[in-house]
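Remarks on the structure that follows.
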Amino acid sequence: MSTQAFTLLTVEMQGPVAVVGLNRPDKRNAINDPLIDEICAFFAAPPSEARVVVLHGHGPHFSSGLDLAEHRDREAFEVMMHSQKWHRTFHHVQMGGLPVVSALKGAVVGGGLELATSTHVRVAEPSTFYALPEGSRGIFVGGGGSVRVARVIGAGRMAEMMLTGHAYNAQEGQAMGLSHHLVGEGEALPKALELAGRIAGNAPLSNYAVINALPRIADMAQSDGLFAESLMAAMAQTSPEARERMRAFLEKRAPKAGS
Ligand code: 1HE
């Protein structure tokens with residue numbers, strides 16, 4: 001699917017940054033089948049010139065999650081296939097090879113939270129709220145939340161959110177690690193773009209290693225994880241780009257850490 005064919009996603013290149021917008025504001029960016037197909041198509045084959053993706057929602061909400069209208073009449077097998085399609089899609093978001101920065105506001109709910117936790121850096125505005133209303137809708141998560149949301153906030157807290165329907169506000173979400181940066185109203189997208197610009201300046205191999213090795217190592221036993229870390233380090237540290245970047249620091253041509 002070429003980016004021109006998208007109808008529920010907007011895609012705009014800003015230099016090396018692909019800015020991708022969920023574009024169903026009338027339905028609060030609820031994720032229906034055509035939208036998940038477009039998200040899947042984009043992240044499975046992002047534009048070759050893209051180094052980083054910024055993901056945001058048009059309108060006042062990031063995403064209200066699964067499109068409940070579409071889901072009402074599905075049989076068990078259809079739900080299974082549907083859930084696995086979401087898993088494939090969010091795998092492409094998380095492990096597709098490009099860092100993804102999300103700009104969050106309003107509802108980050110259900111499948112919207114599953115999508116957000118597939119992204120690597122999350123920036124939220126004060127309007128952001130996080131909820132998992134699956135319990136009250138009579139359903140379960142199906143977009144990878146039991147793995148990705150639980151790993152951010154813990155299975156216990158996730159169970160509490162699903163059972164009670166409790167929504168956490170932006171400050172609480174920041175304290176829980178659901179966002180990494182909390183900025184002012186209207187500032188999430190500009191901040192996400194600023195961070196994406198910095199990330200685009202990193203060595204592509206380092207970015208690749210961070211987003212592909214870290215989550216896999218987190219799934220490994222300690223000695224396997226440490227071995228995988230050494231292999232990844234051996235690849236990254238011996239690249240010509242790494243050698244030049246380390247030389248630049250030693251010759252005082254590169255910025256210091258934290259600047
Ligand atoms: C929707 C959806 C949706 C809005 N599916 N149509 N997700 C939820 O349980 C969240 C459901 N949505 C809400 O609680 C609210 O819409 C919001 C808090 C997000 C926003 O409220 P508000 O007052 O701004 O909007 P609204 O009036 O509720 O909704 C505007 C329209 O969007 C309305 O349609 P309209 O035709 O009457 O204009 C809503 O029906 C529609 N809409 N959200 C379908 N989610 C892989 S498993 C994942 C499991 C889940 O994601 S469960 C969580 C589902």
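One-based numbering, in listed order, for ligands and for the atoms of each. Numbering of residues begins at 1 and proceeds along the displayed sequence. Note that these values count all heavy atoms, side chains included, but never hydrogens, waters or copies made by symmetry.
Atom 11 (C) of ligand 1 is approached by the protein to below 4.0 angstrom, counting heavy atoms only. Counting only heavy atoms, the protein never gets under 4.0 Å from atom 40 (O) of ligand 1. The presence of a protein heavy atom under 4.0 Å from atom 15 (C) of ligand 1 is ruled out. Per-atom contact check: atom 23 (O) of ligand 1 does not touch the protein, criterion being a heavy-atom distance below 4.0 Å. Of the protein's heavy atoms, at least one falls inside 4.0 Å of atom 3 (C) of ligand 1. Within a 4.0 Å radius of atom 28 (O) of ligand 1, the protein contributes no heavy atom. Distances from atom 33 (C) of ligand 1 to the protein include no heavy-atom value under 4.0 Å.
When each of K27, R24, R28 is paired with D67, the salt bridge (Lys or Arg N to Asp or Glu O under 4.0 Å) condition holds for R24 and for no other.
Each of the following atoms of ligand 1 lies closer than 4.0 Å to a heavy atom of G142: 46 (C), 47 (S). The distance from ligand 1 to the heavy atoms of L66 drops below 4.0 Å at these ligand atoms: 3 (C), 5 (N), 45 (N), 48 (C), 49 (C), 50 (C), 51 (O), 54 (C). Remark: ligand 1 atoms within the under-4.0 Å shell around heavy atoms of A30 are 2 (C), 3 (C), 5 (N), 45 (N). Numbered from 1 in the order shown, with element, the atoms of ligand 1 that lie under 4.0 Å from a heavy atom of D26 read 30 (C), 31 (C), 32 (O). Those atoms of ligand 1 with a heavy atom of G143 less than 4.0 angstrom away are 46 (C).
H61 contributes no side-chain N or O that, together with a main-chain N or O of V108, makes up a donor-acceptor pair within less than 3.5 Å. With hydrogens and angles disregarded, no donor-acceptor distance shorter than 3.5 Å links the side chain of N29 to the backbone of S64. The backbone N or O of G144 sits less than 3.5 Å from a side-chain atom of E114, completing a donor-acceptor pair.
Looking at K27 next to ligand 1, an N or O pair under 3.5 Å apart turns up. Considering backbone and side-chain N/O atoms, A107 never comes within less than 3.5 Å of an N/O atom of ligand 1. Considering both main-chain and side-chain atoms, G112 never comes within under 3.5 Å of ligand 1 through any nitrogen or oxygen pair.
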Tell me which donor-acceptor pairs under 3.5 Å the side chains of residues 180-191 have, and how far apart each pair is, sequence neighbours excluded?
from: H180; atom 1: ND1; to: R122; atom 2: N; distance (Å): 2.9
from: E185; atom 1: OE1; to: S127; atom 2: N; distance (Å): 3.3
from: E185; atom 1: OE2; to: S127; atom 2: OG; distance (Å): 3.1
from: E187; atom 1: OE1; to: G184; atom 2: N; distance (Å): 2.9

Atom pairs and distances, side-chain donor-acceptor, residues 193-213, under 3.5 Å, sequence neighbours left out:
from: N202; atom 1: ND2; to: N207; atom 2: OD1; distance (Å): 3.1
from: N207; atom 1: ND2; to: I199; atom 2: O; distance (Å): 3.0
from: N212; atom 1: OD1; to: R216; atom 2: NH1; distance (Å): 3.0
from: N212; atom 1: ND2; to: Y208; atom 2: O; distance (Å): 3.4

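Here the protein heavy atom with the shortest distance to atom 49 (C) of ligand 1 is E134 OE2, 3.2 Å. Taking atom 18 (C) of ligand 1 as the reference point, the nearest protein heavy-atom neighbour is F129 CZ, 4.0 Å. Here the heavy atom of the protein found nearest to atom 25 (O) of ligand 1 is R28 NE, 2.9 Å. Of all protein heavy atoms, the one lying nearest to atom 48 (C) of ligand 1 is E114 OE1, 3.5 Å. Ranking protein heavy atoms by distance to atom 51 (O) of ligand 1, first place goes to G111 N, 2.7 Å. In terms of protein heavy-atom proximity, atom 13 (C) of ligand 1 is nearest to R137 NH2, 4.7 Å. Counting only heavy atoms of the protein, atom 5 (N) of ligand 1 lies nearest to L68 N, 2.9 Å.
Cluster membership check: V100 shares its hydrophobic cluster with L104, using side-chain heavy-atom separations under 4.5 Å among Ile, Leu, Val, Met, Phe, Trp and Tyr.
Between G142 and H87 the shortest heavy-atom distance is O-NE2, 3.1 Å. Residues A242 and Q237 approach most closely at CB-O, 3.8 Å, considering heavy atoms. The two residues F62 and A116 have their closest heavy-atom pair at CE2-CB, 4.1 Å. Of all heavy-atom pairs between E38 and A5, the closest is OE2-O, 4.3 Å.
The number of heavy-atom neighbours closer than 6.0 Å to CD of E251, taken from other residues, nucleotides and ligands shown, is above 12. At most 12 heavy atoms of other shown residues, nucleotides or ligands fall within 6.0 angstrom of atom CE in M81.
For P133, the closest heavy-atom approach to ligand 1 falls below 4.0 Å.
The line from OH of Y168 to OG of S179 is 14.5 Å long, rounded to the nearest 0.5 Å.
When the heavy-atom distances from atom 8 (C) of ligand 1 to S64, G110, G65 are ranked, the shortest goes to S64.
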